[in-house]
Asker: 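The structure that follows is given in the form of structure tokens.
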Amino acid sequence: MNKEKNNKPSKELPLGFVDRKEKELLIRDFIISKIKEVMIKYGFQYLETPSFEYSDSIGKFLPDKERPDEGVFSFKDENKWLSLRYDLTAPLARYVAKNYLEIPKPFKRYQLGTVWRNEKPGPGRFREFLQFDADYVGTKSLQADAELCVMISEILEKCGLSKSEYIIKISSRKITEELFKKLNLKDNQQKLTALRALDKIDRLGWSSVKELLGEGRKDKSGDFTKGANLTSQNIEVLERELNKKSPETQDLLEILKIFKDYNFDNFEFDPSVIRGLEYYTGVIFEVNLNFEVKNNKGQAVQFGSIGGGGRYDNLINNFGNYDAPATGISIGLDRLVYALMQKKEFKLKQSKPIVICVFDKKSMKEYIGLQSILRKAGISTEIYPGENKLKKQMEYANKIKSPAVILYGENEIKSGKPTLRELRSGKEKAIEIKELVNEIKKII
RNA sequence: GCAGCAGUAGCUCAGUUGGUUAGAGCACUAGUUUGUGGAACUAGGGGUCGGUGGUUCGAAUCCACCCUGCUGUACCA
């Protein structure tokens, strides 16, 4: 505010962008370490692609408007549009097409990376976030799809979730595909609207979804959404068919069998799982958390899934004639962290530094001596940055949650025994330098 | 994008039917005789009351438009 008047730069962040603090980052690092561990065990290759791609390489539609399709951040560079990637699947497809002759087939890769979406943010949902993707390219075998599900649940459990706290929901695009054929729906737009409506069963329930399949629906705020305009008979058929409790399509029957061989049972067949993306062609899955997530005001909030994926046998073909059926999964890491932070107490070693107080600049040599002894022992240590009163130095140590300060003033230097003051209890005692490391290890 | 609600210090808010130099708590800074934090006490900094225009002798308070945030909804290739 008043930017022009006082001419100061804004300290506000752009909508949907956030500063991430240490606690969150440590949990994220922990999750990433688990992911890598599991990925190596499952034999996936690690890949990184750039943040920017040519807009036409990562979108199905070429940007022919003033700006490339809404939803991405783009700019024009020497007459070519560049976009920040909005997911990791599109860059993978581009990568496979570009390196088709060299890569092994099938090609298994995993990737961690920031993606950007120019959309409205929500709780735990930002415009810049970290995604984890694992994909199998070049095989139609449903064993690949099954393994992705098994693998993702292993990761979640390694992150501390129990079986009852998450579930993999599974379905297939073939179900709706066959249904639409049966109902003789031809209009692509109508089919798409219907799919999107069906995708909301979880959140809105059947009665609202039926409105969306028909003429439309008015939401709580009074806003009206146009529907797919299906006939009421067709809506009835959809509801009946999609309420079936057991799968009938070939692919699902097969993957269920594979799950059994894996001894994997933390999944649930749910024909209402649709997933918005158009490019899916077969089995689809979604990772859902079974506990309530709250926003920073403590209100429970619609959180949705933390990730999902499925089979996309035609996507890579967009780049040319490649025989590259594929299946993949992606997890929104920041969303997972957001949820996990509420659910779990993480005992993360934050190892805040021991602070060596500065009494007199002239004794800097002694301070540095102590500091290097401690650092050599692997103990996080710092000499108080500055020359303030002791009181200020103590306040500083307290603020950064240092476990202890070392007082090494005139008296201590004379006796050769620094005073170690533990900050939690306030206890302090004089300690021989050679005992210092051991004493400190007791309290951190 | 659409809809509902909201916008007063860094944070959480109070501010009576429009009336003089706009308040509190927390946080922050300095101090309480200077080698000691998390408690207490004292003092202090910080807001043109989201913006612009209007009504009025007078507006944080009323009106219009805009901006921003929250929630829902849509979109999310």
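Below, chain A is the first sequence line, B the second, and so on; all start at residue 1.
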Asker: To the closest 0.5 Å, what do you measure between CG (Asn288(A)) and OG (Ser305(A))?
Answerer: 5.5 Å
Asker: Once you apply the 3.5 Å cut-off to both distances, tell me the Watson-Crick or G-U wobble partner of rC5(B), or none.
Answerer: rG69(B)
Asker: Side chain of Lys392(A), heavy atoms from C-beta onward: which of rA30(B), rG35(B), rU73(B) has the nearest atom to it?
Answerer: rA30(B)
Asker: Rounded to whole angstrom, note down the P distance from rA60(B) over to rG53(B).
Answerer: 14 Å
Asker: Would you measure the distance from the C1' atom in rC49(B) across to the matching atom in rC41(B) and give it in whole Å?
Answerer: 32 Å
Asker: Please state the C1' separation for the pair rU42(B) and rG69(B) - nearest whole angstrom.
Answerer: 38 Å
Asker: Both distances below 3.5 Å, Watson-Crick or wobble geometry, any strand: find the nucleotide opposite rC62(B).
Answerer: rG54(B)
Asker: Rounding to an integer number of angstrom, what distance separates rU8(B) and rA14(B) when you compare their C1' atoms?
Answerer: 10 Å
Asker: How far does the P atom of rC28(B) sit from the matching atom of rA39(B), given to the nearest Å?
Answerer: 9 Å
Asker: Between Ser208(A) and Gly205(A) (side chain of the first, backbone of the second, donor and acceptor by atom type, cut-off under 3.5 Å), is there such a pair?
Answerer: no
Asker: Quick check, are the ring centers of Tyr46(A) and Tyr110(A) under 6.0 angstrom apart?
Answerer: yes
Asker: Would Tyr396(A) and Tyr384(A) count as a close aromatic pair, with their ring centres under 6.0 Å?
Answerer: yes
Asker: Could you state the CG-P distance from Asp360(A) to rU34(B), rounded to the nearest angstrom?
Answerer: 18 Å
Asker: Which value, in whole Å, describes the distance between the C1' atoms of nucleotides rU16(B) and rA22(B)?
Answerer: 14 Å
Asker: When the distance from CD1 of Ile274(A) to C1' of rA74(B) is rounded to whole Å, what number comes out?
Answerer: 17 Å
Asker: Please say whether the positively charged group of Lys218(A), taken as NZ for Lys or CZ for Arg, lies over the ring of Phe224(A), i.e. under 6.0 angstrom from the six-membered ring centre and within 45 degrees of the axis.
Answerer: no
Asker: In whole Å, what is the span from the CD atom of Gln393(A) to the C1' atom of rU34(B)?
Answerer: 13 Å
Asker: Work out how far the P atom of rA27(B) is from that of rG35(B), and round it to whole angstrom.
Answerer: 26 Å
Asker: From C-beta outward on Lys399(A), which listed nucleotide comes closest to its side chain: rC28(B), rC76(B), rG72(B)?
Answerer: rC28(B)
Asker: Between Thr193(A) and Leu407(A), just flag the one whose closest nucleotide in RNA chain B comes earlier from the 5' side.
Answerer: Leu407(A)
Asker: Could you tell me which nucleotide pairs with rG38(B) by Watson-Crick or G-U wobble geometry, both distances under 3.5 Å, or answer none if nothing does?
Answerer: none
Asker: Would you say a side-chain N or O of Arg203(A) is under 4.0 Å from OP1 or OP2 of rA74(B)?
Answerer: yes
Asker: Pairing check on rC26(B): which nucleotide meets the Watson-Crick or G-U wobble criteria with it, both distances under 3.5 Å?
Answerer: rG10(B)
Asker: Report, as a single string ordered 5' to 3', how protein heavy atoms within less than 4.0 Å touch nucleotides 37-45 of chain B: B base, S sugar-phosphate only, - not at all.
Answerer: BB-------
Asker: Quote, to the nearest angstrom, the P distance that separates rG19(B) from rG1(B).
Answerer: 36 Å
Asker: For rU33(B), give the paired nucleotide (Watson-Crick: N1-N3 plus N6-O4 or O6-N4; G-U: N1-O2 and O6-N3; both under 3.5 Å), or none.
Answerer: none
Asker: How long is the line joining CZ of Phe17(A) and C1' of rG69(B), in whole Å?
Answerer: 17 Å
Asker: For Glu428(A), which contact category applies under a 4.0 Å heavy-atom criterion: base, sugar-phosphate, or nothing?
Answerer: base
Asker: Sub-3.5 Å donor-acceptor pair from the side chain of Tyr100(A) to the main-chain atoms of Asp323(A), do we have one?
Answerer: yes
Asker: From CD of Glu119(A) over to P of rA74(B), roughly how many Å is that when rounded to an integer?
Answerer: 14 Å
Asker: Can you sort out the partners of Phe269(A) under ring pair (Phe, Tyr, Trp, His ring centres under 6.0 Å), two or more places apart, ordered by chain and number?
Answerer: none
Asker: Output yes when a side-chain donor or acceptor of Tyr136(A) lies under 3.5 Å from a complementary backbone atom of Pro325(A), and no otherwise.
Answerer: no
Asker: If you look at every strand shown and take non-hydrogen atoms under 4.0 Å, does Asp87(A) touch a base, only sugar-phosphate, or nothing?
Answerer: nothing
Asker: Which of the following nucleotides, rC28(B), rA74(B), rU36(B), is nearest to the side chain of Lys200(A)?
Answerer: rA74(B)
Asker: Mind checking Leu192(A) for me? I need base, sugar-phosphate or nothing, with any heavy atom below 4.0 Å counting as a touch.
Answerer: nothing
Asker: Expressed as a whole number of angstroms, how long is the span from Leu212(A):CG to rC2(B):P?
Answerer: 19 Å
Asker: If I take atom CZ in residue Arg196(A) and atom C1' in nucleotide rU73(B), what distance separates them, rounded to the nearest angstrom?
Answerer: 14 Å
Asker: Specify the separation, in whole Å, of atom CD of Glu286(A) and atom C1' of rC76(B).
Answerer: 14 Å
Asker: Can you measure from CG (Leu161(A)) to CG (Leu340(A)) and round to the nearest 0.5 angstrom?
Answerer: 5.0 Å
